[in-house]
Chemist: 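Have a look at this one before I ask anything.
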There are 2 protein chains.
Amino acid sequence: MRNCDKRAQSKPTFKDSPMAPRAASKTAESSDKVGVICRALRRAIIEQALEPGAKLPEDSLGERFGVSRTIARHALGQLAAEGLVELRRNRIAVVATPSWQEARDAFDIRIELERLVVRQLAGKLTKSQVAELNAHVDAEDRARDGTDAVSIRLATEFHILLANMTNSPILVRYVSEVAYRCCLTLSLYSRPHSSECAINEHRAIIAALVKGDEAKVMSLMHSHLDSVANRALVAPAPQRGRDLLDILAPYAEEGEGKRVVKLPKVVRAR
Amino acid sequence: MRNCDKRAQSKPTFKDSPMAPRAASKTAESSDKVGVICRALRRAIIEQALEPGAKLPEDSLGERFGVSRTIARHALGQLAAEGLVELRRNRIAVVATPSWQEARDAFDIRIELERLVVRQLAGKLTKSQVAELNAHVDAEDRARDGTDAVSIRLATEFHILLANMTNSPILVRYVSEVAYRCCLTLSLYSRPHSSECAINEHRAIIAALVKGDEAKVMSLMHSHLDSVANRALVAPAPQRGRDLLDILAPYAEEGEGKRVVKLPKVVRAR
DNA sequence: GGCCCTCAAACTGCATGCAATTGAGGCGCT
DNA sequence: AGCGCCTCAATTGCATGCAGTTTGAGGGCC
């Protein structure tokens, strides 16, 4: 029961990532302790050390990070606001388990946001920024031999790195959030880890950005994300050992096969 | 010094708004107490009872809402995550004061998100949904005689109501957040309250939605939001009595009139 | 008169303690 | 053996208390 926290931190890579400065400038988490926990948990989730549904008891967290429950609780609140964690009253917090439809929605939003990113960036990158991007993709390349976890994280961080270059804190925040959510999704629905997020597509995007072709880079980004989504979300088949009640939920109701009409929250809340 | 909280709640309209059910289904705030505070403060901010820069001391808040600082603090954390509140370590929290550039960025994002909303909704609204929308716009109409505060709130809530109809929690969340931020912005930069958010444009959007013309409704929404933004953000002229240090900031630096290159955080953080 | 220094009040950061809720195992009953 | 009830450990919800930091106001000094 209190196993999850161990994996949360003691796992592998816990030193600063190239992304670290980003998070530091963010919203509420600059308060240090809370921020540390948030970043660690995000990282653990993104690297799939923490699977969807994993329990996150406040005191285990606090103990693990050397803070009181109060702080751990606050951190969980932040992560819940980002949609990475589910908080049910009087119940242990768990890593969020987005439904298939939510996953699809997240990708739709992500596509729009990231199109905005590259639109703003097209032709406006400095030399050092281009170098930074290339270095990152090189790192992705190198990580192909390593664990999937690192690959996934690097792929996601590429997109966040891009967003960062817009210098728009709001855009950075939303892109990061939605990217994390998509990551979470991937770990739920794309078992064989089909992706690697297509390193070549990343390179193509950089090239188009440098060239300054707005339309081109927007469509590249669009199809890139679309293919990532499709590789993962081909069919709404969330058959995964856990939480069989969720699996059964669709069969409890009969009608409404429509796309927009999602099954009412009630069913899942049961 | 402890005046802000009084206005936060004792002011006017504190009963449930037609939006209330939305917020209840949201992220972490279902924990009741925290949620109540968040909603109240959001409301106060959106109705400009709380101006940007207004102080929000934890204990005043707690006292006012009959909870301990712990809870007030948690609520502030949530609002900070949404960008409505600024949290500086060891300092009193204040209502956020977005820079002109941030405001512009927020509107850009909002445009994309709301285009997505109407794209998903075009031609798919049920009769009762259309009725609900019309009723809301009627309410906006009626509120023209009332205070600006209510008009602004209703105008914003129209957009949130639309987002709600997509049944995509993520989209709802982002649209709400960014709409609130834009509202905040409006209260900063558009003094004479030039807008009313164009009730007729709202009607036009509903009509196009019913007709199901995707392209049309997307462009309508785009120009609608664009005009709202432009009415407010014509010039980066944040001359407002408060915080004259912020006003002086641009004059402290000489160069960099570029658009993407924003003045580094340092200047404002001073 | 203006400036700086000092100090106390105000406020935040955080831990801890207590009450309430949950859910899981154990016990008895059938 | 199966079923349900009951009790208790685990856990959350929340308030309070203490320590450290910021603020701003008064007083002394130039």
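In what follows, chains are A, B, ... by sequence order, proteins preceding strands, each numbered from 1.
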Chemist: What distance do Ile46(B) atom CD1 and Arg39(B) atom CZ have between them, rounded to the nearest 0.5 Å?
Modeler: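 Going from CD1 on Ile46(B) over to CZ on Arg39(B), the span is 14.0 Å.
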Chemist: As a test of reading the structure: which of dT23(D), dT12(D), dC11(C) is closest to the side chain of Glu58(A), going by heavy atoms?
Modeler: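 The answer is dT12(D), which lies nearest to the side chain.
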Chemist: Nearest 0.5 Å please: distance from the CG atom of Leu113(B) over to the OH atom of Tyr174(A).
Modeler: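 It comes to 7.5 Å.
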Chemist: Among dC14(C), dT21(D), dC11(C), which nucleotide has an atom closest to any side-chain atom of Pro57(B)?
Modeler: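 So the side chain of Pro57(B) is nearest to dC11(C).
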Chemist: Please report, rounded to the nearest Å, how far the C1' atom of dG13(D) is from the CD1 atom of Ile37(B).
Modeler: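 Atom CD1 in Ile37(B) sits about 13 Å away from atom C1' in dG13(D).
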Chemist: Answer yes or no: is there a side-chain heavy-atom contact under 4.5 Å between Arg42(A) and Leu84(A)?
Modeler: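 They are in side-chain contact.
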Chemist: Within this structure, what is the CG-to-P distance between Asp32(A) and dG20(D), rounded to whole angstrom?
Modeler: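 Going from Asp32(A) (CG) to dG20(D) (P), I get 17 Å.
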Chemist: Which whole-number value in Å describes the distance from Leu76(B) CG to dC11(C) P?
Modeler: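 Interatomic distance, CG of Leu76(B) to P of dC11(C): 13 Å.
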Chemist: Once you round it to whole Å, what is the distance between P of dA9(D) and CG of Asp59(A)?
Modeler: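 For the pair Asp59(A) CG and dA9(D) P, the rounded distance is 16 Å.
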Chemist: Any side-chain N or O of Arg91(B) under 4.0 Å from OP1/OP2 of dT12(C)?
Modeler: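 Arg91(B) to dT12(C) OP1/OP2: no side-chain N or O under 4.0 Å.
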Chemist: Between atom CG in Leu56(A) and atom C1' in dT12(D), what is the gap in whole Å?
Modeler: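 Taking atom C1' of dT12(D) as the reference, CG of Leu56(A) is at 14 Å.
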Chemist: Below 3.5 Å is the cut-off: list the nitrogen or oxygen pairs between protein and nucleotides 15-18 of chain D, distance only.
Modeler:
| from | atom 1 | to | atom 2 | distance (Å) |
| --- | --- | --- | --- | --- |
| dA15(D) | OP1 | Ser68(B) | N | 3.4 |
| dA15(D) | OP2 | Ser68(B) | N | 2.9 |
| dA15(D) | OP2 | Ser68(B) | OG | 2.7 |
| dA15(D) | N7 | Thr70(B) | OG1 | 3.1 |
| dT16(D) | O4 | Thr70(B) | OG1 | 3.0 |
| dG17(D) | O6 | Arg69(B) | NH2 | 3.2 |

Chemist: Could you tell me if the side chain of Glu102(A) sits less than 4.5 Å from the side chain of Thr185(A), heavy atoms only?
Modeler: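 Sidechains of Glu102(A) and Thr185(A): no contact.
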Chemist: Between dG13(C) atom P and His74(B) atom NE2, what is the distance in whole Å?
Modeler: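 The answer, rounded to whole Å, is 14 Å.
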Chemist: Return the NE2 to CD1 distance between His136(B) and Ile160(B), rounded to the nearest 0.5 Å.
Modeler: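 Reported to 0.5 Å precision, the distance equals 9.0 Å.
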Chemist: Any idea which heavy atoms bring Leu184(A) and Gly83(A) closest together, and the distance?
Modeler: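 Where Leu184(A) meets Gly83(A) most closely, the heavy atoms are CD2-O, 4.5 Å.
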Chemist: Could you state the CZ-P distance from Arg89(B) to dC11(C), rounded to the nearest angstrom?
Modeler: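 Value for this atom pair: 18 Å.
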Chemist: Using five pairs at each end of the helix from dG1(C)-dC30(D) to dT30(C)-dA1(D) to define an axis, what is the angle between those two axes, to 10°?
Modeler: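 Answer rounded to 10°: the end axes differ by 0°.
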Chemist: What is the distance, rounded to the nearest whole Å, between atom CD of Glu63(A) and atom C1' of dA10(D)?
Modeler: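 Atom CD in Glu63(A) sits about 14 Å away from atom C1' in dA10(D).
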Chemist: Between OG1 of Thr166(B) and CG of Leu171(B), what distance do you get to the nearest 0.5 Å?
Modeler: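 One gets 4.5 Å once the value is rounded to the nearest 0.5 Å.
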Chemist: Return the OG to CZ distance between Ser176(B) and Arg181(B), rounded to the nearest 0.5 Å.
Modeler: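 If I round to the nearest 0.5 Å, the distance is 13.0 Å.
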Chemist: Of the candidate nucleotides dT11(D), dG24(D), dT22(D), which contains the atom at the shortest distance from the side chain of Asn90(B)?
Modeler: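 Side chain of Asn90(B) sits closest to dT22(D).
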Chemist: Just N and O in the side chain of Arg88(A): are any of them under 4.0 Å from OP1 or OP2 of dT11(D)?
Modeler: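 Answer no for this pair, as no side-chain N or O of Arg88(A) is under 4.0 Å from OP1 or OP2.
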Chemist: Under a 4.0 Å N-O cut-off, is there an ion pair linking Glu177(B) with Arg173(A)?
Modeler: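 Here Glu177(B) pairs with Arg173(A) in a salt bridge, since their nearest N and O are under 4.0 Å apart.
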